[in-house]
Amino acid sequence: MSRELAKTYNPGEVEDRIYRFWLDGKYFHAERDPQKKPYTIVIPPPNITGQLHMGHALDETLQDVLVRWRRMQGYCALWIPGTDHASIATEAKIVEAMRREGLTKEQIGRDAFLERAWKWKEKYGGRIVEQLKKLGSSCDWDRERFTLDEGCSKAVREVFVRLYEKGLIYRGKRIINWCPHCKTSISDAEVEFSERDGFFWHLRYPFKDGSGYLELATTRPETMLGDTAVAVHPDDERYRKFVGKTLILPLVGREIPVIADEYVERDFGTGVVKITPAHDPNDFEVGLRHHLGVINVMDDAGNINENGGKYAGMPGLEARKKIVDDLKEQGYLVRTEPIKHNVGACYRCGTIVEPRVSKQWFVRMKPLAGPAIRAVQEGKTKFVPDRFAKIYYHWMENIKDWCISRQLWWGHRIPAWYCRDCGETVVAREAPRVCPKCGGTRLDQDPDTLDTWFSSALWPFSTLGWPDKTPDLDYFYPTDTLVTGYDIIFFWVARMIFSGVEQMGDVPFHTVLIHGLVRDEQGRKMSKSLGNGIDPLQVIGEYGADALRFMLATGNSPGNDMRFSDDKVQASRNFANKIWNAARFIRMNLEGHETENRLPETLALEDQWILDSFNNTAKEVTDNLEHFELGIAAQKLYDFLWDEFCDWYIEISKIRLNSGDEAEAQSARRVLVWVMSSTMQLLHPFMPYITEEIWQALPHGGESIMVSRWPEFDEAHCFPEAAEEMHRIMDAVRAVRNRRAEMNVPPSRRTHLYLAAASPETFRKGTPILKRLAWANKVEIGKEFRLDGAVTIVTPDAKLYIPTDELVDRKAELARLTKELESAKKQQATAQAKLRNQQFLAKAPANVVEGVRQNAAKLAEQIALIESGIREMK
RNA sequence: GGACGCAUAGCUCAGCUGGUUAGAGCGCUCGCCUCACACGCGAGAGGUCUUGGGUUCGAGUCCCGAUGUGUCCACCA
C-alpha cells in the first residue's frame, strides 16, 4: 500500500505490480501433489482472431473465482489457458488481408498461405492472452496451449484414426451445408436460420404424353435445373393416378418421373413437390429411397455450373431471375406469391447457405451419442442450472452425422492419403511412404482440414498430454468445472462430452457451469454491427479490474443474461473504495503499535458479535460457492463488509481506540486486523488485486493472500448470545437516530438518553455505543422512568426517552406513536391467529411455532410500552 | 410445430430445499464536511411479488391454466 494512503483507491497503481508479483511467485503454477486433491478447469480457448469482449470477461471472472477459491482451500488448483486457431474465422481474416494486397489464396499456394497464417498467429494470437491477464486471471501460463500446436495436433490425428478404424468416421457423398462465400462445407450447427421475405413460385410441369400438367411450388426455382423427379403422397387421391408417369422438366427438357413418397405433405401447397436431391436435404433422402439421379447444378461459389445448360456461369440469384422470366415466357409460371420463410445462413459470414451434395468426411454420431447421453443421465456430468441438461439431451438424441471436413487450409489437415495408383484410401497417424495395398509411392494427402470444433472437442485431455499417458493426465483428468455460455453447448460442450467418454472412457468434467450473455444497457446483444460493445479493457482502465469482476459476478444468477451498465461498475468501484478506506483506517490506527494478526484473549461484546457474524458469513459464502451461487456469495460479502464491519464495528471500535486505555485499544486493533484480513481472504476470489494489496499491508503470515488458507467456520467463534445482545443495542441506536432524524436534530446536538428495559444489563454494556452512535452525552439506564415532556422511543426490548421537550411537536409525536401501535397490533393479530390455529400448532415444526410464540410475546410487550408512552404524552 | 427461460420497488436485478414484517444497487426525499471514506454518513418513502385456479396450517417460492416477453431446436418443398 502506498505510503501516502490516498483517499481513493487507485487500481492502476496496484494491478500491474501485483500481477507481476503473482507471476514472479509462480502462484498460478500447479504441480501434481499427491497430498492434495486436484481441482482443474480448462479455459474455453478464445479465438486468436478475437479481442477480449464482455463475454470473455464474464467467463474468465467466474473461472478465476472458482480457481482462486479452491486454491485457497488447499486444492492443487490448475487452470489451463490457451487459444483456438479458429480455422474458418482466421482464414477469412487472412484472405481478406490478402485481398487488400490484390492477392488470392490460390495465387500464393498452400504453403505460402500457411506461412502467412502462422505469422499472423504470432502477431495477434498473443493479444488476447495479454488481455486475459489484465483481468487478473490466475491461469497457469506455463501450460498455455494452442489447438494447432504439436500436442493438440497429435491428439487430433489419434482420434481421427481411432474413429476411422472403428468405422465411426467415414467419407461419403452427402448433402451438406455449403457457404459460397467461405467456399467450404459447414456443419449443421454452424447454420443460423432467420425469417426472411421471399416468394413462392407456382410452376407447372407438363406430362410427356401431353395429357396436362402437375402444379407445384418452390422458393428456389433455380434448383429446378437439378430436378430428377416430382413427388406426391402415396395416399393422395388427387394424384395417385399420375404416379409412374413421366414429366418433361421445363427449360431443361429432361424426362423425370412422378413418384410417391410419404415425405410429401398433402395439405401443403398443391401437394406436389419437385425433387432436387443435390440441393435439398429432404430431397436427398427421397432420392436415396427412390434411387434418383443426383444432379449438382451449382459450383463452389454459388454459380450455376455446367449442368445448368444455358444458365451455366450465372450467379445463383441472377439465374433465378432469368429462369423465372423464362418460365413465365414459356407459360410454366402459374403465379408468384410473396411469403416469409426461414433461410439458413453461415454463422461466420452471414452468407446464405446452399445445401449441396459433396464428398466429405463425417463422424457417425449415433454410436457416440448414446454413451454421452448416459453419462449425463447418470450424473457424471452435471449442468448448472440443470435445465440445460434437457437442451443437451434433445440435441444429442436427434443428432445427425457430423460433417467434419472443411475446404480450408488453416487447420488440422485430414490424415488421409489417396493412392494415385490403386485409389486406396490410407488413414494414418503419420504420412505413409507406400500404399499398403499396391505398394505404390504416389500418395496424395486429402487437401481438406478439420472443423475447428474437432480439435476443441479434445481440449480437456489434449491439453494434459493425451494421447500419451502422462502423469498429469492421470492426476488432473477428469477436470472439475467447465464454465461457458449457453450459446456454445452444442458446438463445444456436447462434443467434449462424447469425445471424452469415447477416448478417455470418462467424462471430461464433472460440472458445466452455464452463464448467459452480457447485454448492453438496453438489453440488446452486444455486437460489432450495432457498435454497442463495451471494451472490458476500457472499463478496467477507468474503474479497475476488481470493480469489473465484482460487477460481473454480482446481481445475476447462472444461465441468465445480464445487462452491463456503467452504474453497476461504479457501484462496485465504490465498494472497492470503501474497502480501501476501511483498510486505511485500520492502518492509521496501527501506526506506532506492534500488532499481530491474532485475536485477543478477552473479547468485548462487539468483538464477539463481529466474530460471530464473520463466522456465519464465511460458512455461508463457502456454501454458496459450493453450489455455484457466486452472485449470492459476493452479495453477502458486500453486506458484511459494508453494513456490519464498516458501519457498525469500525464505528464502535473507535470508542476503545480513542479511550486512552492502551490494553483496550490494542485489543480492538487486533480484532480489526483479524476480521479485515480474514474478510479480504473471503473476498479475494472476486477482487484479487485490492485484497492482496490490503492483506499484505496488514500484519500477516505468508507471502500472498492467494495461497493463504481459506477461512472456515469455527465453533470457537460462535457467540449467539453476544450477537443477540448487540442486535438489541443496535435496534436502540437505530430507533434513536430515526427519531432524531424525524425531528431534524443534527448529530452535533447531543442529548441525554434514558433507557428503560426489563433486562438492563445488556444496555449497560452498550452505554458507550449508545453514547457514540446515538449522539448521547449521557445515558441513564433503569427499569422504569417517569419523565415529563420527553420523546418516547420504543424498541422490542427497550423504551427510550429523550428529554428535549422544546423540540417536540406533541401532536406529531402522538400521531407517530399511534401509527406504530397500529402496526404492532396488526402483527400481533397475525401471530395470534396462527397460535389459535390448531392445524398450525399440530403440523408446523416446533421451532417455527416457538418462533411465532416468542414473537407474539415480544409484540405484546412492545404494545404495552407504546400504550404507556401514549398515556404519558396525553 | 416443439422445448425452455423470464415477469418481484421508478430502473437493473437477488430471493437456495415453501416458515416472523419480501431484499440489494442505482434513482428519489430529508438531514449531515460526525477526526477511514461525499466513490461518504445517518434517516426515510416506495412492492395487492403479471393474472386465474389448486396443493398446504402456511405460497414470491410447489402444481395446472391464461397473458405478456425473450431464447433455443425443427425447417413443409
Heavy atoms under 4.0 Å, any strand shown: does [X] hit a base, just sugar-phosphate, or nothing?
| X | result |
| --- | --- |
| A:Trp775 | sugar-phosphate |
| A:Arg772 | nothing |
| A:Lys654 | base |
| A:Ala571 | sugar-phosphate |
| A:Gly555 | sugar-phosphate |
| A:Asn560 | sugar-phosphate |
| A:Val852 | nothing |
| A:Glu265 | base |

Counting distance alone, no hydrogens or angles: does the base of [N] have a donor or acceptor under 3.5 Å from a partner atom on the side chain of [X]?
| X | N | result |
| --- | --- | --- |
| A:Asp567 | B:C26 | no |
| A:Glu651 | B:A36 | yes |
| A:Lys7 | B:C37 | no |
| A:Arg573 | B:C39 | yes |

**Asked** Expressed in whole Å, how much space separates the P atoms belonging to B:G60 and B:U20?
**Response**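 Pairwise P distance, B:G60 against B:U20, rounds to 11 Å.
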Between [X] and [N], is there a side-chain N or O to OP1/OP2 distance below 4.0 Å?
| X | N | answer |
| --- | --- | --- |
| A:Asn738 | B:G44 | yes |
| A:Lys400 | B:C75 | yes |
| A:Ser557 | B:A14 | yes |

**Asked** Does a donor on one side chain and an acceptor on the other come within less than 3.5 Å for A:Asn624 and A:Glu620?
**Response**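 No, no side-chain donor-acceptor pair sits under 3.5 Å.
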**Request:** Return yes if a side-chain donor-acceptor contact under 3.5 Å exists between A:Lys568 and A:Thr554, otherwise no.
**Result:** no
**Asked** Angle class for the A:Phe550/A:Phe575 ring planes (parallel below 30°, perpendicular above 60°, tilted otherwise)?
**Response**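 A:Phe550 vs A:Phe575 ring planes: tilted.
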**Request:** Once you apply the 3.5 Å cut-off to both distances, tell me the Watson-Crick or G-U wobble partner of B:A45, or none.
**Result:** none
